[in-house]
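Let me begin by presenting the structure, written as structure tokens, before commenting on it.
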There are 2 protein chains.
Amino acid sequence: MCSRTSPRTSRTGRPRSTEADAAILEATRAALVELGWSKLTMGDVATRAGVAKTTLYRRWANKNELVVDAVAVLFDELELPDLGSLRADIEYVVLQFAALLERPETKTALMAVVAESTRDEPLRERIRSSIVERQKRLVLDGRRRAQLRGELPVDRDPVTVEATDGLIFDVIAGAVVHRALVSAEPVDGDWVARLSALLVGGLGAVAAAP
Amino acid sequence: MCSRTSPRTSRTGRPRSTEADAAILEATRAALVELGWSKLTMGDVATRAGVAKTTLYRRWANKNELVVDAVAVLFDELELPDLGSLRADIEYVVLQFAALLERPETKTALMAVVAESTRDEPLRERIRSSIVERQKRLVLDGRRRAQLRGELPVDRDPVTVEATDGLIFDVIAGAVVHRALVSAEPVDGDWVARLSALLVGGLGAVAAAP
DNA sequence: TGCCTTTCGCTACGGGTCGTAGCGTAATGG
DNA sequence: CCATTACGCTACGACCCGTAGCGAAAGGCA
């Protein structure tokens, strides 16, 4: 929501219109659905939002940053209720993440901004803090719960803990993204069942053999 | 290499310059390294290649198709020598794939064209046939070898076989891509060892419990 | 050799997007 | 009331796109 060029606690002057913020982000998502990433233009978003083009540039430096903010809020919906078992938790979060990737806004925008981020460090940081970290927290929660249930051993070495967390996250998120966007095949119950079986079995084997 | 609008066996007239083909693809890769995907322009590629801009458009309809062809040849290097064990094979192919993703050409181009392909079916098909299938074959080879060694059981159900192959491919390729481009952390020996341990253990568990 | 066909380099063009500057106006706080 | 900031609007140069039109080059074929 907050832009990079946010006036640090500007006490005086006319305040930024929060309605304009919301309208712009909403218009950006609508444009992503209708046009996709490549054909989305700043002028078109401004027109849809009923806002002058200069107002967009006062908040976001370029198209990339705008789209990240517009899509990031969709990731707020992600949650991980305790379903009683590691396997059930994995299946739930995978299906939820897949549903998010099926939406045309995220489908066309996520890969594009990640591609741009390979040459734009501030953009990468913005993606990390507003999207990636939000997903990764689910992994940490799931692992912690599994340990409380006794399904996974409690690792004492902090280095191993962090490495394993990162591995699990990259495997789950990467597999889902690759399945949905590269292989372009559905993330259905059957596939999710196979993935979770692979993960649960693999985590057990890894924990058993240090 | 061959463009979409290739003249089917044109017997008469001046033939296409193969030197121009090579120069254009080479210039495209150079432009990707220097400028990245978003700042790469057709006119710049033409200038680098010492070729008229119209010559590019005679071969490729747009930037996307050109970049796919320019990057696809890099995937020809991928190979999978028999290293004696499933785990060694996995580690080798993962490191090889990661090295490919570390190159600036592929790093900036792969995600971009995949993002574009979500709204461009012909482009998706081109990516699939010239890049994805080339990687997937390595997975099939590795699985077949592991079965010959007795490391994995020989599954009789063709539906299960295809589903498992697809799962393994999405997990491996997805995890590496996610690690390298989203998490932006190195695919080093330690990480690869953890991933292969997870996979080998998981595949064993999946095979044991149908 | 002469003819036909296709590709080549080159120039030029209309159309579109970018990102900014400048202006007058609107909305706050002191 | 005044300083300050945001807003809408217009206009602008710069850039890139993708195509058309031209004459010249390089092949096949009789």
Side-chain angles (χ1 to χ4, degrees), chain A residues 1-25 27-28 31-32 34-67 112-113 116 119-120 122-123, chain B residues 1-25 27-28 31-32 34-67 112-113 116 119-120 122-123:
Chain A
M1 177 161 304
C2 47
S3 75
R4 180 154 300 274
T5 60
S6 66
R8 64 261 168 76
T9 326
S10 68
R11 304 204 149 279
T12 177
R14 177 177 176 175
R16 290 266 172 94
S17 166
T18 56
E19 295 90 350
D21 280 321
I24 291 170
L25 294 178
T28 303
L32 281 175
E34 288 183 27
L35 305 173
W37 156 267
S38 57
K39 296 186 179 177
L40 179 145
T41 69
M42 299 292 271
D44 179 65
V45 170
T47 304
R48 288 171 188 262
V51 157
K53 195 171 59 167
T54 48
T55 301
L56 263 74
Y57 283 103
R58 285 195 190 92
R59 290 163 163 76
W60 292 276
N62 51 50
K63 176 170 149 178
N64 295 322
E65 315 245 342
L66 169 62
V67 169
V113 295
E116 294 294 307
R119 295 230 155 201
D120 186 339
L123 181 65
Chain B
M1 177 163 305
C2 48
S3 75
R4 182 153 298 276
T5 60
S6 67
R8 64 266 172 75
T9 326
S10 67
R11 304 204 149 278
T12 177
R14 178 176 177 176
R16 289 265 172 96
S17 166
T18 56
E19 294 90 350
D21 281 321
I24 292 170
L25 293 179
T28 304
L32 282 174
E34 288 184 25
L35 306 173
W37 156 267
S38 57
K39 295 185 179 177
L40 179 146
T41 68
M42 299 292 270
D44 179 65
V45 170
T47 304
R48 288 171 188 263
V51 155
K53 196 171 58 168
T54 47
T55 301
L56 264 74
Y57 282 103
R58 285 196 190 90
R59 290 164 163 75
W60 293 276
N62 50 52
K63 177 170 149 178
N64 295 321
E65 316 245 340
L66 169 62
V67 169
V113 295
E116 294 294 305
R119 294 231 157 201
D120 185 339
L123 181 65

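Every chain is numbered from 1, with letters handed out A, B, ... down the list of sequences. Not measured: the values here are computed from a predicted model.
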Choose from D:dA20, D:dG27, C:dT20 the nucleotide whose nearest atom is closest to any side-chain atom of B:P15. D:dG27
Looking at CG of B:N64 and OG of A:S38, how far apart are the two atoms once the value is rounded to the nearest 0.5 Å? 7.0 Å
If you pin B:G13 and A:L40 to their nearest nucleotides in DNA chain C, which one's is more 5'? B:G13
Measure the distance from OH on B:Y57 to C1' on C:dT6 and round it to the nearest whole Å. 21 Å
Classify the side chain of A:K53 versus the base of C:dG19 as yes if they form a donor-acceptor pair under 3.5 Å and no if they do not. yes
On a plain distance test, is the side chain of B:R14 in donor-acceptor contact with the base of D:dA25 below 3.5 Å? yes
A:Y57 and A:L66, any side-chain heavy atoms less than 4.5 Å apart: no
What's the CG-C1' distance between A:N64 and C:dG19, to the nearest Å? 14 Å
Atom CG of A:D44 and atom C1' of C:dC18 are separated, to the nearest Å, by 14 Å
With rounding to the nearest 0.5 Å, note down the distance linking OG1 in B:T28 to CG in B:D44. 9.5 Å
Can you tell me if B:T55 touches the phosphate of C:dG9, counting only side-chain N or O atoms and a distance under 4.0 Å to OP1 or OP2? yes
In whole angstroms, the gap separating C1' of D:dC16 from NZ of A:K63 amounts to 14 Å
A:R58 CZ to D:dA6 C1': how many Å, rounded? 6 Å
Looking at C:dC10, does its base get a donor-acceptor pair with the side chain of B:T54 below 3.5 Å? yes
Integer-rounded Å distance: C:dT6 P and B:R59 CZ: 16 Å
Rounded to the Å, how far apart are A:E19 CD and C:dA26 P? 17 Å
So, OP1 or OP2 of D:dG27: does either fall under 4.0 Å of a side-chain N or O from B:T12? no
Is it true that a side-chain atom of A:K63 and a backbone atom of A:W37 form a donor plus acceptor pair closer than 3.5 Å? yes
Side-chain contact check for A:A52: nearest option of D:dG18, D:dG8, C:dC18 is D:dG8
Looking at the base of D:dA6, is there any donor atom on it, or on the side chain of A:R16, that sits under 3.5 Å from an acceptor on the other one? no
B:R59 with B:D21: basic N within carboxylate O range, under 4.0 Å: yes
Whole-Å distance, A:K39 NZ to D:dC17 C1', equals 13 Å
